[in-house]
Amino acid sequence: MAFNRPRKTRISITITLLISFCFLVAAESYTDVLNHAIRLDQQHRLTIQQLKISGENHKKINQLRASQRILDQQNISTLHDLVKKIGHWPGIDDVGENMAKTALVIVKHASVEQQATLLPKIKQAVLSQQIKPEWYADLFDQWLMQQDLPQAYGTLMMKGKGQQKKLFPIQPIKQVNQQRAEIGLVDLQHRLTKQKLWLRPNLYDEKYYELVPIKTFERLTDPAIDCLKKMASRSKKARLDQSENADTMKRKKPILSNCVEEQPAVYNYWLLVKTLKLFPEHPYFEQIRKQLAYDFGIKNIQKQFGHLQTKVDYHQQRLYSMAWYLTVAAELHSWTDAQAQQWYSTLQPLETQIKSSIINQFSQLTPPINSNRHSQDTFAIALMLDYSRVINDINFEQLLINQVNRLYTSKEKCPIDKESSNQNLFSACLAEADLMRRVMSAEVYRKWLKKRLPQIKHNSHWLRTVEPNKGRDDRNSAYANGLNISRAWMLEGIASALPNTDKRRKILLNQSTNHRRASLSTIINKQHNTNLWLKSFALYFLTQTGV
């Protein structure tokens, strides 16, 4: 029975109970100390705020501030004493979660110098899981910003124009994510996607980032999703129609095609894959996952594979379309999502066939098609190069580099001033410059660019945005917006290959901004149901996929 326990056991239990009681008493004592400190912390702040709103009693405000500073200094001394008594920063186990968080409010009101003495102790409490990492990150970033230094964890934002949020300056993104990982936080981009925001680097200054709301991505994907629904509806209608014409149409029409015209629309699939990859947990894009699961099913891909082999459609064969196939494959290959890996596995036979077809076409390509429409080879080759590097296909990459060196040999001035037509989709000159940065060393590229595009001069206005012809149709407007946004990403790409000391970098980025302003909001907000490629162009620019 319990009453017959050995004397040593009873003594051990008694000691344990006494120790537990002492801890409880100590915890209550620590909590009382912090409660008193919080009361002092807030003693004059509310009154000061009310007086500031009223705009009166400036003398009284100054008196209360002086008094509050004395109390704040007293509180910091109290925190130092508490740390000495406990042996560490008062954490959740010591005073409870609510009081542990509240104690950090006191630290926020200390001077920068006083905070500097306490922050290492608080960080140690984070590593011991006694302070939540997000509390510390917020406190540390505020401490840095008081000194006009960029954030270390990227926790602080401000309101921009309208309801748009802006991120205060941060340290280099790799450094930020490394520091976040050290204290147990997810990387900054992942955290922001939870807040329905996309983090877009600013090439002007790496400390500044643009926050793109998820609503923008919803507007870009809506037409592509509607397109898939229309295709599914037509497919169902064809199944119900037993006529010979319906059966022939069903067999010939590829799965990755445009819902408006009988031409490839692989860029729509890239748009959907990329968006889902950016926001895999957002409920709005769940419909994308379901549709891709069907369209990337093995039966549909086999149909597409057969269509490619029969070569029934020249448009399906051109480099531009096949480059987008490979871009979709690259997105899936680099995505760790289990279902995406399954889709990639299903697409691999098609991917292999496409590369084989591209290799055969290169032997007949002299010179490259440098038109300013979808048939342009230069942008297509840039997409392929990016693909080869994502999947680490060294042989395919070297083949592409050899072809670029064979096909793009001109060093004369490129006539970019003759490319202002609003019937164009690309700038041949900018596309070439954006391609060559991918195959040249930095120093060689700088010299080559000076000869090929000498128009880029300090404070020059060498490239104006394209305005759609008034009174023309929606297609004309789409081409003007398409040319502006494709120029925007190519200008950014060219600038990214130049050092900060190169004056042309700022000129290029200013021109990119001008072209963006002339087109992006229109592309995002207007349907352009007959020009779905525009939405893909906008996403390619926003996500800096080619930079």
Side-chain angles (χ1 to χ4, degrees), residues 203-204 319-320 323 327 365 367-389 397 400-421 424-466 482-516 518-519 537 540-541 544-547:
L203 296 182
Y204 279 109
L319 289 178
Y320 178 81
T327 306
L365 195 63
I369 300 174
N370 263 345
S371 81
N372 296 324
R373 303 296 287 272
H374 285 304
S375 57
Q376 188 195 88
D377 291 333
T378 311
F379 174 58
I381 296 172
L383 288 178
M384 295 176 204
L385 264 173
D386 292 344
Y387 153 83
S388 68
R389 288 161 181 170
E397 178 188 4
L400 292 168
I401 293 173
N402 292 341
Q403 293 299 324
V404 169
N405 291 332
R406 178 177 73 87
L407 296 169
Y408 297 89
T409 58
S410 177
K411 295 181 181 178
E412 298 176 358
K413 178 181 176 181
C414 198
I416 195 169
D417 54 315
K418 298 179 181 180
E419 297 180 349
S420 59
S421 170
N424 296 335
L425 302 179
F426 296 106
S427 161
C429 293
L430 291 184
E432 181 183 352
D434 194 33
L435 171 65
M436 299 309 287
R437 71 175 168 87
R438 291 169 163 90
V439 300
M440 289 180 170
S441 67
E443 188 57 34
V444 171
Y445 182 68
R446 288 181 65 188
K447 294 177 181 178
W448 175 89
L449 187 65
K450 187 175 182 179
K451 292 182 179 180
R452 195 73 171 127
L453 283 173
Q455 302 94 326
I456 311 173
K457 296 178 181 178
H458 188 51
N459 291 328
S460 67
H461 299 282
W462 60 280
L463 189 64
R464 297 185 181 277
T465 58
V466 180
L483 178 57
N484 282 328
I485 201 65
S486 69
R487 280 179 172 183
W489 83 57
M490 290 175 183
L491 288 162
E492 273 199 345
I494 297 166
S496 71
L498 300 176
N500 291 330
T501 54
D502 193 317
K503 292 180 179 179
R504 292 173 296 178
R505 179 183 172 93
K506 185 176 181 180
I507 296 171
L508 290 162
L509 291 175
N510 282 333
Q511 291 286 359
S512 176
T513 299
N514 292 339
H515 283 76
R516 169 195 175 142
S519 58
F537 275 31
Y540 191 86
F541 169 77
Q544 296 175 313
T545 299
V547 177

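All values below were derived from every heavy atom in this structure, side-chain atoms included, with hydrogens, water molecules and symmetry-related copies excluded. All residue numbers refer to positions in the sequence shown, counting from 1.
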According to ring pair (Phe, Tyr, Trp, His ring centres under 6.0 Å), who are the partners of Phe541, at least two apart in sequence or on a separate chain? none
Taking all non-hydrogen atoms of both residues, which atom of Ala488 and which atom of His515 are closest, and how far apart? CB-CB, 4.1 Å
Taken in chain and number order and not counting sequence neighbours, the residues that satisfy side chain to side chain donor-acceptor pair (under 3.5 Å) with Arg505 are Asn500
Residues passing the side chain to side chain contact (heavy atoms under 4.5 Å, CB included) test with Thr545, sequence neighbours excluded, are Trp270, Lys274, Glu331, Tyr540, Thr543
Backbone of Glu412 reached by a side-chain donor or acceptor of Arg452 within 3.5 Å: yes
For residues Ser496 and Gly493, report the shortest heavy-atom separation together with the two atoms involved. OG-O, 2.6 Å
Looking at residues at least two apart in the chain, or sitting in another chain, which of them share a side chain to side chain donor-acceptor pair (under 3.5 Å) with Asn514? none
Mind listing the closest non-hydrogen atom pair of Glu397 and Ser388 along with its distance? CB-OG, 3.3 Å
Residues in side chain to side chain donor-acceptor pair (under 3.5 Å) with Gln511, at least two apart? none
Side chain to side chain contact (heavy atoms under 4.5 Å, CB included) partners for Asn405, two or more places apart: Ile401
Strictly distance-based, threshold 3.5 Å: is any side-chain N or O of Arg487 a donor or acceptor partner for the main-chain N or O of Leu430? no
I would like to know whether Val439 and Tyr408 meet side chain to side chain contact (heavy atoms under 4.5 Å, CB included); could you show each step before the answer? CA-CA 11 Å; Val439 300; Tyr408 297 89; over 6 Å; no
Once rounded to the nearest 0.5 Å, what's the spacing between atom OG1 of Thr465 and atom CG of Asn484? 5.5 Å
Show the numbers, then the answer: is there a side chain to side chain contact (heavy atoms under 4.5 Å, CB included) between Tyr387 and Leu400? CA-CA 11 Å; Tyr387 153 83; Leu400 292 168; over 6 Å; no
All heavy atoms of Asp502 vs all of Arg446, minimum pair found to be OD2-NE, 3.4 Å
Nearest 0.5 Å please: distance from the OG1 atom of Thr327 over to the CG atom of Leu383. 4.0 Å
Nearest-0.5 Å distance that lies between atom CZ in Phe426 and atom OG1 in Thr378: 9.5 Å
Output the distance between atom CD1 (Ile485) and atom CG (Leu425), rounded to the nearest 0.5 Å. 13.0 Å
Taking the side chain as everything from C-beta on, heavy atoms only, tell me whether Tyr204 gets closer than 4.5 Å to Thr513. yes
Which distance, rounded to the nearest 0.5 Å, do you find between the CG of Asp377 and the CD of Gln403? 11.0 Å
Looking at CE of Met436 and CG of Leu453, how far apart are the two atoms once the value is rounded to the nearest 0.5 Å? 12.0 Å
Judged by atom type as modelled, is there a donor-acceptor pair below 3.5 Å linking the side chain of Ser512 to the main-chain atoms of Leu508? no
Applying ring-ring contact (aromatic ring centres under 6.0 Å, His included), which residue pairs with at least one partner in residues 490-514 are found, sequence neighbours left out? none
In terms of relative ring orientation, are Trp489 and Phe379 parallel, tilted or perpendicular, with 30° and 60° separating the classes? tilted
By salt bridge (Lys or Arg N to Asp or Glu O under 4.0 Å), which residues pair with Arg438, not counting sequence neighbours? Asp386, Asp434
Which heavy atom of Cys429 sits nearest to which heavy atom of Ile416, and what is that distance? SG-N, 3.6 Å
Among residues at least two apart in sequence or on other chains, which ones pass side chain to side chain contact (heavy atoms under 4.5 Å, CB included) with Lys503? His458
Applying side chain to side chain contact (heavy atoms under 4.5 Å, CB included) to Lys413 and not counting sequence neighbours gives Pro454, Gln455
In terms of heavy-atom contacts, Ala323 and Ala380 come closest through CB-O, 3.5 Å
Please step through side chain to side chain contact (heavy atoms under 4.5 Å, CB included) for the pair Leu319 and Met384, ending with a clear verdict. CA-CA 9 Å; Leu319 289 178; Met384 295 176 204; 3.7 Å; yes
Which residues satisfy the ring pair (Phe, Tyr, Trp, His ring centres under 6.0 Å) test with Trp448, sequence neighbours excluded? Tyr445
Applying side chain to side chain donor-acceptor pair (under 3.5 Å), name anything that partners Arg464, two or more places apart in sequence or on another chain. none
Would you say that Asn424 contacts Val466 through its side chain, given a criterion of any heavy-atom pair below 4.5 Å between the two side chains? no
